[in-house]
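Sequence lines set the chain letters: A, B, ... in the order given, protein chains first and strands last, and positions in each chain run from 1. Here the structure is a predicted model, which means the values were calculated and not measured.
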Amino acid sequence: GGKKNDNGVTNAENSATSDVVTIGISDTIGSLNPLLMDGTEVVKYATSFEFLPLVELNKNMEFEGQIASEITTKDNKTFTIKIDPNAVWSDKEPITSKDVLFSFLCWASPEIGSTGMSIYNIEGTGDDGFVEAGSDSISGVVAVDDKTVQITTKTEMALSTFQNIYGRYILIIPEHILGDVPKDQMLSNEWFNAPTVVSGPYIVKDFDLNHYVTYEANENYFKGAPKIKNLSIKVVTPSQLLTGLQSGEIDLVQQTMGNILQEDFESVKKLDNITVYDGTPVTTQSIFFNTEKVTNVKVRQAFLYGMDRNIILQEFLKGKGEIVDGFLASAGPFFDPSIVPVAYDKDKAVQLLEEAKAEGWDPSTEYNFYVNSGDTTFTQVASYLAAQFAEIGLKIKVNTVDLSTLMTVAGSGDFDLLAVQYSYIPVDIFTDANWLLSAGGWTRYQNDEVTKALMDTQVTVDTDKIRESYRIVDSVVQTEVPMINAYVISGLGAKSNRLQNATPDVYGTFLNVQDWEIK
Amino acid sequence: MEHKGNMQRVTKRFMKHKLAVVSLIFLLIMIILAILAPVIAPYNPNQVSGGFSKPPSMDHLLGTDQIGRDMLSRLLYAMRISLFVGAAATVISTLIGVILGLLSGFIGGVVDSIIMRITDMVMSFPYILLVLVAAAVFEPGLWSIVLILGFVDWPGVARLVRGNVLSIREMNYIKADIAAGMPKRFILFSEILPNTIAPVFVYATQVFAISILDEAALSFLGMGVQPPTASLGNILNGAESITVLTSKFWLWVPAGVLIVLLVISINFVGDALRDALDPSV
Amino acid sequence: MWKYILKRIAAAIPVLIGITIIDYLIMSRAGSPLAMMHGPKISESAIEVKAAMLGLDKPIYLQYFDWLKQVLTGNLGYSIKSYQPVTSIIGSHIGSTLLLMGTSLLVGLVIAIPAGIYSAIHRYKKRDYTLVTLSFLGTSIPSFFLALIFIYLFTVKLGWLPSSGMITQGTGGDFLDVVKHMIMPVSVLAVSIAGTNIRYVRSAMLEVLQQDYLRTAKAKGIGRFLVINKHALRNAMLPVVTVIGMQIPVLFGGAVIVEQMFSWPGLGLITMNAITSRDYPVIMGVCLLTAVVVLLANLITDIIYAIVDPTIQYR
Amino acid sequence: MTNNKKPIVVVEGLRKYYPVGNSNTSRARQMVHAVDDVSFEIAEGETLGIVGESGCGKSTIGRQIMALERPNAGKIWYDGQDITAMSESQLRGIRTEFQMIFQDTNSSLNPRKQIYDILATPMLYHKIATKENVKQEVERLLDMVGLAKSSLNKFPHEFSGGQRQRIGIARALSLKPRLLVCDEPVSALDVSVQAQILNLLTSLQEEMNLTYVFIGHGLGAVRYISTRIAVMYLGKIVEIADAKDLFENPQHPYTKALVDASPIPDPNLRDRSRIVISGEIPSPVNPPSGCRYHPRCPYAKEECKKVDMELQVVDSSSSHLCACPFYATNLAKEE
Amino acid sequence: MPLLQVKDLEVAFEKEHEELVFVDKVNFHVDEGEILCIVGESGCGKSVTALSIMGLLGQQGRVKSGEVLFNGRDLLKLKEKELDQIRGNEIAMVFQDVMNCLNPSFTVGNQMAEAIRIHLGYDKKKTKEHAIQLLEKVGLPDAKAVMKKYPHMLSGGMRQRVMIAMALICRPKLLIADEPTTALDVTIQLQIMKLLLELRDEYHMSILLITHDIGVVAEEADRVVVMYAGQCVEETDVHSLFKKPAHPYTEALLQSVPTIYGDPARKLKSIPGTVPENYQELEGCRFADRCSYATKECYTKQEYHEVEPGHLVRCWKGLLNNDKQ
Ligand SMILES: Nc1ncnc2c1ncn2[C@@H]1O[C@H](COP(=O)(O)OP(=O)(O)OP(=O)(O)O)[C@@H](O)[C@H]1O
Ligand SMILES: Nc1ncnc2c1ncn2[C@@H]1O[C@H](COP(=O)(O)OP(=O)(O)OP(=O)(O)O)[C@@H](O)[C@H]1O
Ligand SMILES: [Mg+2]
Ligand SMILES: [Mg+2]
Ligand code: NI
């Protein structure tokens, strides 16, 4: 950062750019086909500029209607979706139940075989989440009328969970355009590269998944024509986010799509053409134990006591984040402040290890710790942790591998410890926690108390009850330590001062994209 | 027993390249430093011994890195790793290259064609692509980098040796050996091999330089030597941030300069060796 | 000549197939692209369905044959990640990679050839030593390091040049705009190309300068200009042509890093991403393409060689 | 004169063809007819000179006699054994008996080996010397070829061309051969050194009862050292005779042209009449039909184009063979 | 005034950082229309002498002192540009190594044309005619076809003819031929020598012929300069050289040549030893160590003096040795 910023903003771009708003991201876009959603935020946002989901989370972590005006349930098994009466496609065709049914059917078609999410909990689908090949409907998804759809699930599901996964990730696509396309051609369908009809605020003009997407405003957007006519997404390296912001090549960086390097935080803040925003802390750096390999609870506890998370937070994250135990971060409705995170206690850790030794633990064990090489901050933290653990007599071997390898290792269980950046959505911890703390999940940790508590969250709509259930889960996690929450990141978002009405945050940044404006 | 007279001649000619002499001295010092790293490094390279990203001070002559490890110690160890990777990769590729080249040139015929086709293949692999794929596939680690780099560089050596063997085979002293009824192994190992060593040696210096650069590039891309093990490339990896680049010079300048100096010295030495070993002068 | 070309192409085919086999074997060790998909939102059985759809459940040699069959029909398959046809992914990026490589090569040679000649003519003088030292420096600077320094200087400090991409986002990208974006990546590549080639040109030139026919040319009194630029240069270019041909693969490698550093929309970045996501139809496509490019480059070098060197006869 | 001695080498119908050009690029195999149906004998103790223009196949014959290559056709008997029929291992047993001296002194010694190693290794391998006496043997050899003992530890590049040639001779002699093939051993040397080597060769021959095949294209040197001389043209022997006979009474028009073309170091003779033959030696890939010399021969007749002339005995002496039956008569007519 | 007069020419080369004199105070002249032969063993400085006349020494070589007067002008003082006016124009040169002396990348026609155009300024058509005419002159059948050929397609003899044709482009007054026939077969050698003699008569040029073949000297030369170890040791006309060689080296040289003429049983006289390696450092006669007549006086400085009119020798004994016989 330093002095150079005082010399004023250096703008290497020519003035033709001024009416284009560029969003800088540091991850490539896997696809622009909503059926190919791969779980990355980048793909979700890039595609939902065109195709809206039923609902979306806003800054306050409340669900706001997109296509749906509301989703309700009475018994946590049947969910009623009311489609916004104003909702229309860009060709002025109204968005109807047909479109919703069609979109759900696509996700359940074995010919398409979507792997972004399987909807196996919906009545009428198999264990794999697919209907019989050739089916033209899912029995659990029915149209009540033109603007109302009813979905029945096999087991109980909290409304927030329903909304979070089915509501947010299934983007509604136009049946009247795509209805006749054979299902096995949907994924490679060229139409998605240049859709003629969209429901969202923007429509793709040109793209190169590894480098950029440029959008044009959908003048018929039912929530109002976007004020910015040209929007674009630009893929750069994390370090270039800073240069891009400084030079004006980038107007906005959102926390989950663009990962501004920790080292650059100060520099970004110092840019005088830029306003920065601290994101809601939700992305956690989780360290999972393979509890089948690291069986001794005392040893796992020793790891927890032996790491000085405060120092890490201060030094590596420059204080941008928080420390909690368990899955829930302070944001969101279910957080229970009564769970006080374990404090760094070297002596306690040593003592725990002594006890473990007495129980037959072999102190010469070297633990394989897998770390994502793409996460530059945590690779450094891992080195730091290795040094810290060494002090209490725990030997770990840090293996820095790329994400694919990490995932393969995670799946095969060939690890002792594994660190992954994981966003637990505050309103729906269930989906992730339930999977992670199971025989098939990464921790391979099974505990009936936890399972029951998690199930409890799904059968009630009472926030206090849910909070209580999650408290049980988190306190078990704190004592049994199948997972350590190293820190919760509050990412840095940034916005050019010429851009009005936009606020980069973890959730809801793009809900009002049609109102964005250039000064 | 390499003869004194010959060695003297080579040494004398080498000495005329002043830059090369300076480079050689520099390299030797660096190699000694690298070997002695455990003894002379002020700190354990993986131990957090000071503040985070602190500029150079009396305690830490080159400052500390992002997690408070002593930069000087890390640099010494990094150099050790980089030199090791370079040297080991060079040894491997040179060995493979020499063996295949000798076989190819001496036996000829089908063996030659097969070896040359394989050489073509390896040479036609877009080289860093192969390295990248392999680095992503095989678990990244010191030895896999060494093996990958070693595997990638041998075709050049093989071709060089083969060419040499083919031309030496036509030399009259080989004919004289055949006429004197000397056995094949004598001709191969006692006559042909020693005469190809000099150019191979010169070539090996280039491979050495390239291997160090490649290791650095791979580590920089996060596919090479993995942290916490320090290598010159992955130290530089930390400098990708513009902030570090502009305001924390001690985190990247020493490593960058060291790579450049090591590689350029090796190149200078290799160049001078080529001159000194050239039998035609 | 045509016969020769055909023959060379025929000889290249086994090499190509060999390369793809090796590539495929390596790829198969890389693990499944589906590993990334495991997670809370997906059931194991859904992944099995997907694997069957992609043919990933078959033995590796069968997968390879399927792939080969596909390739022979001119179809490189679809990206597992984006389901775009590999041919169109490659097709839309090869241009910018070739532009970058070609320009860099050109710039590199435009520097290297005169510098090499100059150096050779002034052998053992200060200027020669300076140029040779510079050329060594050029080859010794890691390209990513140079790229960092350039970005620091020209984007951060001076703000003259954009640091990423090929055109200014959102504009059509006129010629000047592209040129501006190209300056840094091209310079980085050109520095190392020039560095390597200055020495090749120099030594080729030195070799030629000692040849008897140059003495003949001088003895004819045709003047120094013609002697150097006609008689010497033509012959000195022969070995240089070969060397340049051999540099193409290396150049491709260098481009990967430079493209990554400058977010250049070329094949390099595609490849890097494909590798990290194990998108092997794309990786195989790129590998095949680069192998073809390299083999073609070899062929073209040989043909150029034959054109410039009349002593070579093809049959 | 030579007839009463038993031949040490008999060459019969020797042919050696080489494929043209690079094997990768040529499709139809064209052949260089390097040596084409050549027969001769070498008697024990004599020196057979072979002369002819460059590329006419002289060295090729030398290499066949040395069994360095296998001929395409024909047989070579060495001391009654057919070496063309022997396996490589059988050959190794008798290889020491015939040795070779090369023209190119640069490439005939391994530049990285000391003279001692060059000379001692083969002797030790063949057990001609033992570890104890090998040094003595090497010194004796050096002495024999007129080099100082101090040369032992030197490298080839430390010697002049003449000295290197002496080392080459020493190496050939070290294995106690009976036959020595000298392939232009003096062509690259200066006249003063040339004379040294020629004299050395003759004295060694007397001393050790050696048989020489002396290949050369300088007629002077060949005449000086040879007892019998074969003249080659384009892969064939056109005339073979005792040295004196050949120069005083050349029978073949090509021999005559060669003799005429050789400069004589006496300015008083410069105005003698000399035949200048036109053109150059044709390509051995497609040699001319009939007598291969006919396109350049000033006396060529129609017949010469068709009939391939065989070597025939010339009346004057039974050891004088020539492949041209017309020359003498033609010459007579012209005069 | 002689056409070419070389006076006290001294040429040095830089070798391993020291300057070694390889041509030491060489003196000779070439008269109009004559053939002057320079003979000597390999490495005695013949080529270096010739090259310094043409200003073609290259980078490492340096003329330390002396004059090369051509028609009265000192060539050594001319600038490169002025020299180009003379090279190929008034003085032409033919080299020994025919295999390497023509540029392999250009056709014969091209290589001839460039010189014609630069020196004579002819247009395209005339240039071509001139070139063809010259090629025919040097006895190349089918000159038109030869024009289109690359050097590697020609045999050694043909290349040498092309070289000669190139040398003749401007009807030079002096032709320097550096061992023009050494690499060729005897029959071809004779053809080329005959050609040179014919051309000399036709063009009335002088030829400076460098050779190490005594036979060629005897057949072709008018006058002879004998060089040994960088120095001229004898200069005289060809007849007196063979009849009464004044320098022991010349004498030994003549006796060491095996010849097809005369008594074959005659034992060759060989010169013992080799040329001293560091002859630059020798004070006295450089041949003394190999000379059968050497005495103490030989190890002092030897003057190059005239023993008979036109007969120079660098031996204090002069013709004394001849008298003994
Ligand atoms: N190994 C080989 N491969 C192909 N052709 C060959 C080979 N060796 C010789 N030749 C050809 O065979 C012919 C005879 O060659 P050879 O070396 O016997 O000639 P030479 O009489 O010794 O000539 P020179 O006097 O030049 O040594 C030549 O045309 C030559 O090109
Ligand atoms: N370019 C050069 N660099 C260094 N030394 C040279 C160079 N050219 C010639 N010499 C030296 O000058 C000396 C004379 O060489 P020159 O070529 O004149 O001999 P020459 O009489 O022409 O011999 P040859 O008969 O072999 O052609 C030699 O000892 C040679 O080593
Ligand atoms: Mg030969
Ligand atoms: Mg010479
Ligand atoms: Ni020794």
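Listed by first then second residue, pairs satisfying ring-ring contact (aromatic ring centres under 6.0 Å, His included) with a partner in residues 251-270 of chain D read D:Y233-D:Y254, D:H252-D:Y293, D:Y254-D:Y293, not counting sequence neighbours.
Distance alone, capped at 3.5 Å, places no donor-acceptor pair between the E:R159 side chain and the E:G156 backbone. Between the E:R314 side chain and the E:C232 main chain, a donor and an acceptor come within less than 3.5 Å of each other.
Classification of the E:Y228-E:Y249 ring pair by plane angle, with boundaries at 30° and 60°, yields tilted. Ring orientation note: the planes of E:Y279 and E:F22 are nearly perpendicular, at an angle over 60° on the 30°/60° scale.
Only the backbone of E:V217 comes within contact range of chain D, judged by heavy atoms closer than 4.5 Å. Only the side chain of D:S160 comes within less than 4.5 Å of a heavy atom in chain E; its backbone stays farther off. In this structure, the portion of D:Q194 lying under 4.5 Å from any heavy atom of chain E is its side chain and not its backbone. Contact annotation for D:S278: only backbone heavy atoms (N, CA, C, O) come within less than 4.5 Å of a heavy atom of chain E. For D:I264, the parts lying near chain E are the backbone and the side chain together; criterion is any non-hydrogen pair under 4.5 Å. Both the backbone and the side chain of E:M158 come within contact range of chain D, with heavy atoms under 4.5 Å apart. Contacts of D:V222 with chain E are absent, with no heavy-atom separation under 4.5 Å from either backbone or side chain.
Annotation: maximal heavy-atom pairing with chain E below 4.5 Å, among D:G279, D:S187, D:G146, occurs at D:G279. When E:D213, E:T274, E:V257, E:I188 are compared by the number of non-hydrogen pairs under 4.5 Å with chain D, E:I188 comes out ahead. Per-residue heavy-atom pair counts under 4.5 Å with chain E were compared for D:S262, D:A195, D:G162, and the maximum is reached by D:A195.
Listed by chain and residue number, E:D24 satisfy the salt bridge (charged side-chain N to carboxylate O under 4.0 Å, His left out) test with E:R286 (two or more places apart in sequence, or in another chain).
Using a 4.0 Å cut-off between charged side-chain N and carboxylate O, D:E53 and D:R296 make a salt bridge.
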